[in-house]
Amino acid sequence: MKKIKILIATCLLSTTCMFAQDKSLDSTATTTASASAAQANNPLANMTAVSFQDYYMPKLAEAPDAAFMNTMWVRFAKPVAKGKMLLRASMPFSSLGMPNVNGVVNTTSGTGDFNAFLSYNFVSNATTTMGIGPSITAPTASDDLLGTGKWQGGFAFVGFVAKSPVFQFGGLITWQASFAGDSDRADTSLGAIQPFYFWQLGKGTYLRGAPIWVLDFEKDAYSIPIALGIGKVIKLGPTVFNLYIEPQYSMYVKGTQPVFQVLTGINLQFMK
């Protein structure tokens, strides 16, 4: 009888240890997935990233009803100087539709103006990242309607806070003005404020908002949108895929700016 009791006790102890080990592995996997989801939207994450963002604008203020615009941004981000700095380069591909006097919509498509900024991350830890640095825009547009025709310089400040595994937030502030280029084109002075916020729902699904408040000081044109969308983060091997869709509506608009637009995108982060 004593041997039987010892055998039963040994079996119970082994089962308990195995259960605890499985639970620990599940907890580790959940923690890793949560961390990946929380950092998937960090614009200053210390990893190489490629993103494709499409803005479809079917309604423009102070423009004919049939006018529309669509812009696809292709972005590449690369940490440098052992992660202390981040280089981000962006190229837009745009289509602008504008009806003529007969109501026929003529579409102009091509590249826009190339932009890049280099951020020095003066705060960089597991929960908070902040960076600031110079920004430059080159007049690479294939058509006058799709660009400014000016070289522009300025700065960019960005911050991301992920102290909570459920809610993350931050913002991007940029300003740039023309300093060279086509003398026949108007000077530029452009500011933008982009608040962003993400609410994790679990299993990689999250609610999001990342509207861009456009401030065109030279043309006295402004757009202040609000946004609420949904996204999904999927980790496959060393790559984190982040897919999302986000409708945006402008609360205040002045000048030829989007009244309503839909942002869709996919971000890829390549973990070390």
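We number each residue from 1, following the sequence as shown. Please read these numbers as outputs of a predicted model, since none were measured by experiment.
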> To the nearest 0.5 Å, how far apart are CZ in Phe241 and NZ in Lys232?
Replying inline: 14.0 Å

> Under 3.5 Å, side chain of Asn115 to main-chain N/O of Ile136, donor-acceptor pair present?
Replying inline: yes

>> In the structure I gave you, are the side-chain heavy atoms of Tyr244 and Ile266 within less than 4.5 Å of one another anywhere?
In response: no

> Does the ring of Phe117 carry Arg88 above it, NZ/CZ under 6.0 angstrom from centre and within 45° of its axis?
Replying inline: no

> Side-chain heavy atoms under 4.5 angstrom apart, residues restricted to Ile, Leu, Val, Met, Phe, Trp, Tyr: same cluster for Phe114 and Val50?
Replying inline: yes

> Among all residues two or more places apart in sequence or in another chain, which pass the side-chain contact (heavy atoms from CB on, under 4.5 Å) test with Asp220?
Replying inline: Tyr222, Lys254

> So does Asn125 have more than 12 non-hydrogen atoms from other groups sitting under 6.0 Å from CG?
Replying inline: yes

> Which heavy atom of Ala221 sits nearest a heavy atom of Gly255, and at what distance?
Replying inline: CB-CA, 4.1 Å

> Any side-chain heavy-atom pair from Phe68 and Val105 closer than 4.5 angstrom?
Replying inline: yes

>> Taking the side chain as everything from C-beta on, heavy atoms only, tell me whether Pro92 gets closer than 4.5 Å to Trp73.
In response: yes

>> I'd like to know if the side chain of Lys235 and the backbone of Gly237 have a donor-acceptor N/O pair within less than 3.5 Å.
In response: yes

>> Using only atom types and a distance under 3.5 Å, with no angle test, would you say the side chain of Ser250 pairs donor to acceptor with the backbone of Tyr252?
In response: no

> Judged by atom type as modelled, is there a donor-acceptor pair below 3.5 Å linking the side chain of Thr188 to the main-chain atoms of Leu190?
Replying inline: no

>> Looking at Gln269 and Gln39, would you say the former's side chain and the latter's main chain have a donor-acceptor pair under 3.5 Å?
In response: yes

>> Any side-chain to backbone donor/acceptor pair from Thr140 onto Gly112? Under 3.5 Å, distance only.
In response: yes

> So, do Lys163 and Thr128 sit near enough that their side-chain heavy atoms are less than 4.5 Å apart?
Replying inline: yes

>> Do Phe160 and Pro43 have side chains that approach each other closer than 4.5 Å (heavy atoms only, starting at C-beta)?
In response: yes

>> With a 3.5 Å distance limit and no angle check, can you tell me whether Arg208 reaches the backbone of Gln200 through a side-chain donor-acceptor pair?
In response: no

>> Quick check: do Phe260 and Pro58 have side-chain heavy atoms less than 4.5 Å from each other?
In response: yes

> Aromatic rings Phe198 and Tyr206: how do their planes relate, parallel, tilted or perpendicular, breaks at 30° and 60°?
Replying inline: perpendicular

>> If the test is side-chain contact (heavy atoms from CB on, under 4.5 Å), which one of Asn121, Leu87, Leu86, Leu44 qualifies with Pro79?
In response: Leu86

> Please walk me through it: do Asp113 and Lys150 pass salt bridge (Lys or Arg N to Asp or Glu O under 4.0 Å)?
Replying inline: CA-CA 9 Å; Asp113 290 342; Lys150 294 286 189 178; over 6 Å; no

>> Looking at Ala210, is its backbone amide N or carbonyl O close enough to the side chain of Gln194 to form a donor-acceptor pair, meaning the two atoms are under 3.5 Å apart?
In response: yes

>> Looking at Asp216 and Lys219, would you say the former's side chain and the latter's main chain have a donor-acceptor pair under 3.5 Å?
In response: yes

> Is any side-chain heavy atom of Leu207 closer than 4.5 Å to a side-chain heavy atom of Leu201?
Replying inline: yes

>> Going by side-chain contact (heavy atoms from CB on, under 4.5 Å), name the residues that satisfy it together with Pro195, two or more places apart in sequence or in a different chain.
In response: Ile193, Pro211, Trp213

> Okay, side chain of Gln248, backbone of Gln261: is any donor-acceptor separation there less than 3.5 Å?
Replying inline: no

> Does some side-chain heavy atom of Asp182 sit less than 4.5 Å from a side-chain heavy atom of Asp144?
Replying inline: no

